[in-house]
Structures are given as structure tokens and as C-alpha cells.
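Below is one structure, written out as C-alpha cells; comments come after it.
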Amino acid sequence: MLLVAYCFVLFSSGALSGPPDLGTVRAALSGLDFGEAALLALVAMVVGVVTHPLQFMIVQWAEGYWGLGNLSRRMRELAVDRHRRRRDAVVNLAKDAAELRELIDDADDPPEDRVQQRLLTLHYEASRLSASYPGADDDVMPTRLGNVLRRYEVGAGEPFGLPATALLPLVALVAPANELTYLNDRRSAMDLSVRTAANFGIAFLLTVVFLWDDGLWLLAALVPYTLSYLSYRGAVVQAHDYGNAMANVIAMNRFKLYERLRLHLPDNVLEERRLHERLQPMHDLTPLQKLAFKHPPGNQPVAVPGVDQPPAG
């Protein structure tokens with residue numbers, strides 16, 4: 001709706017044929033009757049319906065999945081290299097700040113409170129920024145949003161032996177409705193921020209096209225550009241919230257998944273990681289190897305030569 005209204009204002013201002021005229025915009029807005037307003041609302045609804053299937057593609061583009069073209073691959077390489085350097089810098093800064101903090105804590109004559117506060121601020125901010133990146137170089141993405149999501153996609157299931165991208169679709173089938181609502185609400189908030197950033201980005205491009213040769217009026221493009229940037233940064237914050245929700249839902253419901261798959265429940269974390277090693281072919285859509293099942297009483301499995309069966313019950 002906002003994008004359609006913005007386009008209406010641009011067209012009404014006469015920007016296609018010369019510098020914008022605010023008086024013309026006021027006249028166009030005041031002259032809108034009910035039918036014209038309804039038509040604008042209908043156009044906005046049609047645009048929303050048509051672009052809704054593109055939402056997933058827009059989010060993927062914002063994450064940094066830009067295709068295999070020569071230009072896109074080159075841009076991705078440059079962006080990934082930049083984020084790797086940035087990640088290494090903030091990680092090293094966090095380590096240095098932590099070491100300095102330990103030295104100060106052990107010192108007989110600690111520095112004044114102002115110096116300690118500066119050091120704590122440096123430590124906390126460097127730690128916060130480093131938490132926005134995945135640990136391995138191969139997992140670094142070319143955008144801020146992509147790096148935050150990749151961190152949780154890899155890390156949310158890492159304690160149990162599988163990435164969250166493999167566990168979450170199955171866990172979502174057994175999780176309670178309220179927990180799925182909790183997860184989906186956070187995903188929707190992130191998607192809304194990305195979509196808003198994309199709309200303001202389109203508004204920025206349209207403003208540049210319309211006002212390219214209109215002198216200082218071109219500075220008006222800074223308004224949608226700033227709103228697009230702020231919306232994108234909001235999406236990055238929402239991605240952290242969504243990633244934490246993802247990790248929580250997996251941690252709280254993974255044993256329900258094992259029971260639903262008729263698997264013997266692991267007694268400790270090491271057994272759980274070994275279980276996921278045997279389940280990995282299922283996520284890769286390849287044949288499973290040795291895997292024993294635990295059926296409810298009265299529905300015992302048929303013995304298979306060479307496969308160890310769990311105890312009954």
C-alpha cells in the first residue's frame with residue numbers, strides 16, 4: 001500500500017516532465033473521490049497478492065543467494081571476503097578485551113571506574129557483533145542478514161549433531177501449536193521487515209529515476225533509502241530473535257521427534273550425536289544403514305539379521 005501511494009505521489013507531482021510541484025500533489029490528493037481511492041486500494045491489493053509469492057525469493061536475495069552469473073558470483077566473493085575480515089576483527093577484539101578484563105580483575109591496583117566501564121563496553125559490543133557471524137569461514141555469507149541466519153541454521157542443532165535446517169522441518173511436525181505460533185510469529189516479523197526494506201528500496205530507485213535531472217530534488221531519494229536501510233537493520237535484529245526461537249523449539253521437542261520416528265531415546269549427548277550420524281542419510285535422501293527402532297508394546301519389530309534390536313518395552 002505504501003509503495004502504491006508513493007508512486008501515486010511521484011506521478012502526481014509531475015516529476016516525469018520536470019521538477020516536482022507540491023501544489024499539484026496537494027490538488028491531486030484533495031481531488032480524490034471515493035471511486036479513485038477505492039481503485040488505488042484495489043491496485044495496492046493486487047500488487048500485494050502478486051508479489052506475495054516472491055517473498056521467499058526476496059528473503060533469499062537479502063540473505064545473499066544471488067545465483068551463478070559471473071557478476072553475481074564476483075559480487076558475492078567480494079562481499080564474503082569483506083564479512084570474513086569484519087568477523088575476524090570483532091572476534092579478535094572480543095578476545096583482547098576479555099584478556100584485558102582478566103588482567104584488570106587480577107590486578108592489585110585496578111584502574112578507575114571510567115576505564116573499566118570503557119573496557120566492559122568494548123568487550124560486550126565486540127561479543128555482540130561477533131555473535132552475528134557463523135564460526136566457520138565456509139559458512140560466512142555476503143550479507144548481515146545471511147550471516148545471522150546461517151549462524152543459527154548451523155548452530156541451533158550443532159549441540160545435538162545436526163544443523164537446524166535438517167532438524168527444524170521434522171521438529172515442527174511434532175511441536176505443540178503454541179510453540180509453532182511462537183516460532184512463526186518471529187519468522188513473520190523478520191519477513192515483514194525484509195519486505196518493507198524491499199519496498200522502500202524500490203521507492204528509492206523510482207525516486208532516482210524520476211528526479212535524476214531535477215537538481216536538489218534528487219536528495220529526496222535519501223528518505224526512502226534511509227527507511228530501507230533501517231528496515232533492513234530491523235530485519236537483522238528480528239533474525240536473531242527468530243534464530244533463538246528456532247534453537248528453543250528444537251531443544252524442547254527433539255525427544256518427541258525421536259519417539260515419533262520410533263527411535264531408542266539416547267541416554268546422553270554422545271549417544272544423541274551418534275544417533276544423528278545414523279540419521280544423516282535420511283536428511284540427504286539417501287538409504288539408511290543400520291538403525292534400530294523401538295516400537296510400542298504389542299507392536300514389536302521383526303528381527304533383521306545383522307541389526308541390533310533395542311530391548312522390548
ask   = Got M190 and L145 here, is their nearest side-chain heavy-atom distance under 4.5 Å?
value = yes
task = I would like to know whether R233 and R144 meet side-chain contact (heavy atoms from CB on, under 4.5 Å); could you show each step before the answer?
result = CA-CA 8 Å; R233 293 304 299 265; R144 292 177 186 266; 3.7 Å; yes
Atom pair CZ (R87) and CG (D137), whose distance is rounded to the nearest 0.5 Å = 4.5 Å
request  = Check for a donor-acceptor pair, side chain of T165 on one end and backbone N or O of E153 on the other, with a separation under 3.5 Å.
outcome  = no
ask   = In Å and rounded to the nearest 0.5 Å, what is the CG to CG distance from L211 to L216?
value = 11.5 Å
inquiry  = Has R82 got a side-chain atom pairing as donor or acceptor with P142's backbone, closer than 3.5 angstrom?
reply    = no
ask   = Any link between L261 and V249 through a network of hydrophobic side chains (Ile, Leu, Val, Met, Phe, Trp, Tyr) touching at under 4.5 Å?
value = yes
inquiry  = Rounded at 0.5 Å granularity, tell me how far CG in L183 sits from CG in N244.
reply    = 11.5 Å
ask   = If we only count heavy atoms from C-beta on, is the T181 to D185 side-chain gap below 4.5 Å?
value = yes
task = Check for a donor-acceptor pair, side chain of R254 on one end and backbone N or O of V171 on the other, with a separation under 3.5 Å.
result = no
message = With rounding to the nearest 0.5 angstrom, report the CG to CD distance, N184 to E179.
response = 12.0 Å
ask   = Which heavy atom of R150 sits nearest a heavy atom of D139, and at what distance?
value = CG-O, 3.1 Å
Aromatic Y242 / basic R187 pairing, under 6.0 angstrom, 45° off normal = yes
inquiry  = Before you tell me yes or no, could you show the steps for L93 and E125 under side-chain contact (heavy atoms from CB on, under 4.5 Å), namely the whole-Å CA-CA distance, both residues' side-chain angles and the distance that decides it to 0.1 Å?
reply    = CA-CA 10 Å; L93 184 61; E125 283 300 299; over 6 Å; no
ask   = Around F160, counting heavy atoms of other residues, nucleotides and ligands shown, do more than 12 lie under 6.0 Å from its CZ?
value = yes
inquiry  = Do L167 and H276 have side chains that approach each other closer than 4.5 Å (heavy atoms only, starting at C-beta)?
reply    = yes
request  = Flag the pair Y258 / F255 as yes when their ring centroid distance falls below 6.0 Å, and as no otherwise.
outcome  = yes
query = What is the distance from atom CG of L222 to atom CG of L227, rounded to the nearest 0.5 Å?
reply = 11.0 Å
query = For the hydrophobic clusters of this structure (ILVMFWY residues joined by side-chain heavy atoms under 4.5 Å, transitively), does one cluster hold both V236 and V80?
reply = no
note = Minimal heavy-atom distance between A175 and N253, with the atoms involved, is CA-OD1, 3.6 Å
note = Closest heavy-atom pair, A172 versus L180, reported as atoms and distance to 0.1 Å, is O-CD1, 3.3 Å
request  = Please report the C-alpha distance between M141 and L149 in whole Å, then the side-chain angles of each, then the deciding distance to 0.1 Å, and finally whether the side-chain contact (heavy atoms from CB on, under 4.5 Å) criterion is met.
outcome  = CA-CA 9 Å; M141 298 291 289; L149 288 175; over 6 Å; no
Carboxylate-amine/guanidinium contact D88 R84, below 4.0 Å = no
message = Taking the side chain as everything from C-beta on, heavy atoms only, tell me whether R273 gets closer than 4.5 Å to E158.
response = yes
query = Side-chain contact, heavy-atom cut-off 4.5 Å: S132 with N147?
reply = no
key: S228 side chain vs A197 backbone, donor-acceptor pair below 3.5 Å   = yes
request  = Tell me, yes or no, whether the heavy-atom count around L68 atom CG, taken from other residues, nucleotides or ligands under 6.0 Å, exceeds 12.
outcome  = no
query = Is there a donor-acceptor pair under 3.5 Å between the side chain of T143 and the backbone N or O of A62?
reply = yes
task = Mind checking the CD-OH spacing from Q60 to Y65? Nearest 0.5 Å is all I need.
result = 6.5 Å
message = Same cluster or not: I58 versus V148, using hydrophobic residues (I, L, V, M, F, W, Y) connected whenever any side-chain heavy atoms lie under 4.5 Å apart?
response = yes
inquiry  = Ignoring hydrogens, what is the shortest heavy-atom contact between L257 and V174? Give both atom names and the distance.
reply    = N-CG2, 3.9 Å
query = Do W66 and R73 come close enough that some side-chain heavy atom pair is under 4.5 Å?
reply = no
key: L263 and L279, any side-chain heavy atoms less than 4.5 Å apart   = yes
query = Should R74 and E77 count as an ion pair when the cut-off is N to O under 4.0 Å?
reply = yes
query = Which residue pairs pass the ring-ring contact (aromatic ring centres under 6.0 Å, His included) test with at least one member in residues 171-190, sequence neighbours excluded?
reply = none
ask   = Are Y225 and V208 connected in a single hydrophobic cluster, I mean Ile/Leu/Val/Met/Phe/Trp/Tyr linked by side-chain heavy atoms less than 4.5 Å apart?
value = yes
query = Are there more than 12 heavy atoms of other residues, nucleotides or ligands under 6.0 Å from atom NZ of K95?
reply = no
ask   = Closest heavy-atom contact between P266 and E271?
value = CA-OE1, 3.6 Å
request  = Please state whether the rings of Y133 and H83 are parallel, tilted or perpendicular, taking 30° and 60° as the class boundaries.
outcome  = tilted
task = Could you tell me whether the side chain of L265 reaches within less than 4.5 Å of the side chain of K294, counting heavy atoms only?
result = no
query = Where is the tightest heavy-atom contact between P224 and A220, given as atom of each residue plus distance?
reply = CD-O, 3.2 Å
Transitive ILVMFWY side-chain link F204 to W212, under 4.5 Å = yes
